[in-house]
Enquirer: 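Please find one structure pasted underneath; my questions will follow.
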Amino acid sequence: MISSFSAPFARGRGLVRLGAATLVSGLVAAGVLAGAGTAAAAEVTHSQGGATATIGGLKTYGAAVIHADTGDQQISAGLFEMSVEGGGTLQTYCVDLYNPTQRDAKYRETPWSGTSLGANKDAGRIRWILQNSYPQVNNLASLADKAGIDGGLTEQDAATGTQVAIWRYSDGAAVDAVDPQAEQLADYLQKTARVVAEPEASLTLDASAVSGHQGEPLGPVTVHTNASDATVTPPLDAATSGVRIVGKDGKVVTSVTDGTQLFFDVPADSADGSAELTVQASTTVPVGRAFTSESRSQTQILAGSSESTVSATATATWAKQGAVPALSAAKNCAKTGVDITAANQGDQDFTFELMGTTYAIPAGGSRTVTIPLQEDQAYDFTINGPQGDENRFTGVLDCLTQADETADLTTQTLSEPSPATVGGTSTADTNLAATGGSSATPLIAGTAIGLVVIGGAALLLVGRKENESRH
């Protein structure tokens, strides 16, 4: 049974205990406190799977004007391009106007629930716009005809108008395209858009962490993908540890399809420990998938994808006796916090204390605890398990398209080329995204956490294992 809990949060400090360890929420702008631990650290990225890509900047774009109380500001608006790790290219639009774009920022495919789209009632309309405009509709004459545009559309007009329409729904922005044809397209898309459901992930695993005892199958880890097939990579030390990745029939699995269940087969005489599997495929990422960055570079939404490499990982932990928790975390923008899930497949209760309250997860049970945070709040949670393993989750909650102006946080304006003021001459480097990148206007520039190096969109899971504790 999965249950959730949320509690009032005291900004600047919060103490959480999980098991015998201390979970410290270092929620201050000046620094992050890590929980004490004696184990050696080994960092791995904790994500929910899919494509990982590096942004290359705007590729097809025009000019738009944002109308604000402080005056009008002209910025570039259009289609971005990203290079996928392992091969492939993505085209995206911005859904986070008031944050800047970081040069060469790395992005990861993210469910809407981990972004501002999760709480945006118009997120489905944005996906409709993506499905019914450029580049998904590359017959520009047909698109112009539907929008009632005389004289046709250029690719730049189409990209600009599409981005402007998206911003009106993603950020609630008062924004217009400078070019009349692009503006007419934006108006048409905004008025015609209908709600469409969030697309499924290109590749994800329904359990990123499992646990249990040696000699029994640990899982299942179910594969969900739109790829025709995917490959399974066993643990790096599989040849020496004897850990195998098997299916429900107990046979070794090296290739999977959507819905395949995987299990870790751990030899009965193994020492207490853990292992990781990776599933990888080549596929097109569904239009409408969100992409977020560790460096709080503005959130993107997918407009088009070539055949691209996607992957996901899952970790198993095992022990002969006692509590054996499997720990995972995910941002929950609807609840303005981070969900930490502990599932216990051991033979004893796993107990933890959260904000003064103690909880016990019985053998075979699980509990999801929501750690409430403020927007742009840095967090650093360290969770020690009963086998001496230490897991660390760090990041910055980034769920809104504008920074929380009431938060008493250290902020900085990131250095980006300034878009031109209306009627002026742009000095922006057009190879970079200028959307949200003005240093001249706080509204456009937005604010960024001084701890931006921690990472805003992704959760980092740091697993620390003491080899000697397993013997």
Enquirer: Looking at Trp128 and Ala193, what are the two nearest heavy atoms and their distance?
Expert: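 Minimum heavy-atom separation between Trp128 and Ala193: CE3-CA, 3.4 Å.
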Enquirer: Would the distance check show the side chain of His213 and the main-chain N or O of Ala319 forming a donor-acceptor pair, the cut-off being under 3.5 Å?
Expert: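 Looks like yes, one N/O pair under 3.5 Å.
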Enquirer: Going by atom types only, do Tyr107 and Thr292 share a side-chain donor-acceptor pair under 3.5 Å?
Expert: no
Enquirer: Flag the pair Thr115 / Val95 as yes when at least one side-chain heavy-atom distance between them is below 4.5 Å, and no otherwise.
Expert: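 A side-chain contact is absent here, since even the closest heavy-atom pair is not under 4.5 Å.
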Enquirer: Run the side-chain hydrogen bond (donor to acceptor under 3.5 Å, both in side chains) test against Asn132 and tell me which residues pass, sequence neighbours left out.
Expert: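 For Asn132, no residue satisfies side-chain hydrogen bond (donor to acceptor under 3.5 Å, both in side chains) once neighbours in sequence are set aside.
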Enquirer: Go through the structure and list residues passing salt bridge (charged side-chain N to carboxylate O under 4.0 Å, His left out) with Arg168, not counting sequence neighbours.
Expert: Asp176, Glu183, Asp187
Enquirer: Using atom types as modelled and distance alone, determine if a side-chain donor or acceptor of Arg289 lies under 3.5 Å from a backbone N or O of Pro199.
Expert: yes
Enquirer: So do Pro135 and Leu79 actually touch side chain to side chain, heavy atoms under 4.5 Å?
Expert: yes
Enquirer: Are side-chain heavy atoms of Thr92 and Ile301 found at a separation under 4.5 Å?
Expert: no
Enquirer: For Ser202, check side-chain hydrogen bond (donor to acceptor under 3.5 Å, both in side chains) against everything at least two apart and list the hits.
Expert: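 Counting only residues at least two positions away or on another chain, Ser202 forms a side-chain hydrogen bond (donor to acceptor under 3.5 Å, both in side chains) with Glu109.
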Enquirer: Return the set of residues passing side-chain hydrogen bond (donor to acceptor under 3.5 Å, both in side chains) with Glu85 (not counting sequence neighbours), or none when no residue passes.
Expert: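 With neighbours one apart ignored, the set is Lys106.
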Enquirer: For Phe291 and Ala51, work out which heavy atoms get closest and say how close.
Expert: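 It is CE2-O, 3.6 Å.
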Enquirer: Quick one: closest heavy-atom pair of Ser208 and Ser328, and the distance?
Expert: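 Scanning both residues, the minimum pair turns out to be OG-CB, 3.4 Å.
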Enquirer: Can you find a heavy atom in the side chain of Thr401 that is under 4.5 Å from one in the side chain of Leu97?
Expert: no
Enquirer: Does a side-chain heavy-atom distance below 4.5 Å link Asp229 with Val256?
Expert: no
Enquirer: Under 3.5 Å, side chain of Asn120 to main-chain N/O of Tyr169, donor-acceptor pair present?
Expert: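 Looks like yes, one N/O pair under 3.5 Å.
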Enquirer: For residues 238-293, which residue pairs pass the disulfide (SG to SG under 2.5 Å) check, not counting sequence neighbours?
Expert: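 Qualifying pairs: none.
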Enquirer: Between Asp265 and Val243, is there a donor-acceptor pair closer than 3.5 Å when you use the side chain of the first and the backbone of the second?
Expert: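 Side chain of Asp265 to backbone of Val243, a donor-acceptor pair under 3.5 Å: no, none is there.
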Enquirer: Using atom types as modelled and distance alone, determine if a side-chain donor or acceptor of Ser241 lies under 3.5 Å from a backbone N or O of Asp237.
Expert: yes
Enquirer: For Thr278, give me all partners under side-chain hydrogen bond (donor to acceptor under 3.5 Å, both in side chains), at least two apart in sequence or on another chain.
Expert: none
Enquirer: Hey, does the side chain of Trp318 reach the backbone of Leu218 with a donor-acceptor pair shorter than 3.5 angstrom?
Expert: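 The answer is no, because no donor-acceptor pair under 3.5 Å joins these two groups.
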Enquirer: Contact between Thr222 and Thr260 at the side-chain level, heavy atoms closer than 4.5 Å - yes or no?
Expert: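 Side chain of Thr222 against side chain of Thr260, heavy atoms only: no contact under 4.5 Å found.
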Enquirer: Hey, does the side chain of Asp96 reach the backbone of Thr299 with a donor-acceptor pair shorter than 3.5 angstrom?
Expert: yes
Enquirer: Are Thr317 and Ser274 linked by a side-chain donor-acceptor pair shorter than 3.5 Å?
Expert: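 No donor-acceptor contact under 3.5 Å links the two side chains.
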Enquirer: Does the Gln163 side chain pair with the main chain of Cys94, one donor and one acceptor, at a distance under 3.5 Å?
Expert: yes
Enquirer: So, the side chain of Gln298 versus the backbone of Asn99: is there a donor-acceptor pair under 3.5 Å, distance only?
Expert: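 Between the backbone of Asn99 and the side chain of Gln298 there is a qualifying donor-acceptor contact (under 3.5 Å).
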Enquirer: Looking at Pro372, is its backbone amide N or carbonyl O close enough to the side chain of Thr370 to form a donor-acceptor pair, meaning the two atoms are under 3.5 Å apart?
Expert: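 No, because the side chain of Thr370 does not come within donor-acceptor range (under 3.5 Å) of the backbone of Pro372.
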Enquirer: Do the side chains of Ile75 and Ile66 get nearer than 4.5 Å, heavy atoms only?
Expert: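 Yes, close enough: below the 4.5 Å cut-off.
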Enquirer: So if I apply the side-chain contact (heavy atoms from CB on, under 4.5 Å) rule between Ser305 and each of Val287, Thr283, Thr284, which one comes out positive?
Expert: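 Among Val287, Thr283, Thr284, the one meeting side-chain contact (heavy atoms from CB on, under 4.5 Å) with Ser305 is Thr284.
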Enquirer: Under a 4.5 Å cut-off applied to non-hydrogen side-chain atoms, are Gln280 and Thr309 in contact?
Expert: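 Yes. Closest side-chain heavy atoms under 4.5 Å.
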Enquirer: Any idea which heavy atoms bring Leu302 and Gln91 closest together, and the distance?
Expert: CD1-O, 3.5 Å
Enquirer: Would you tell me whether Ser293 and Ser295 have side-chain atoms, one donor and one acceptor, within less than 3.5 Å of each other?
Expert: yes
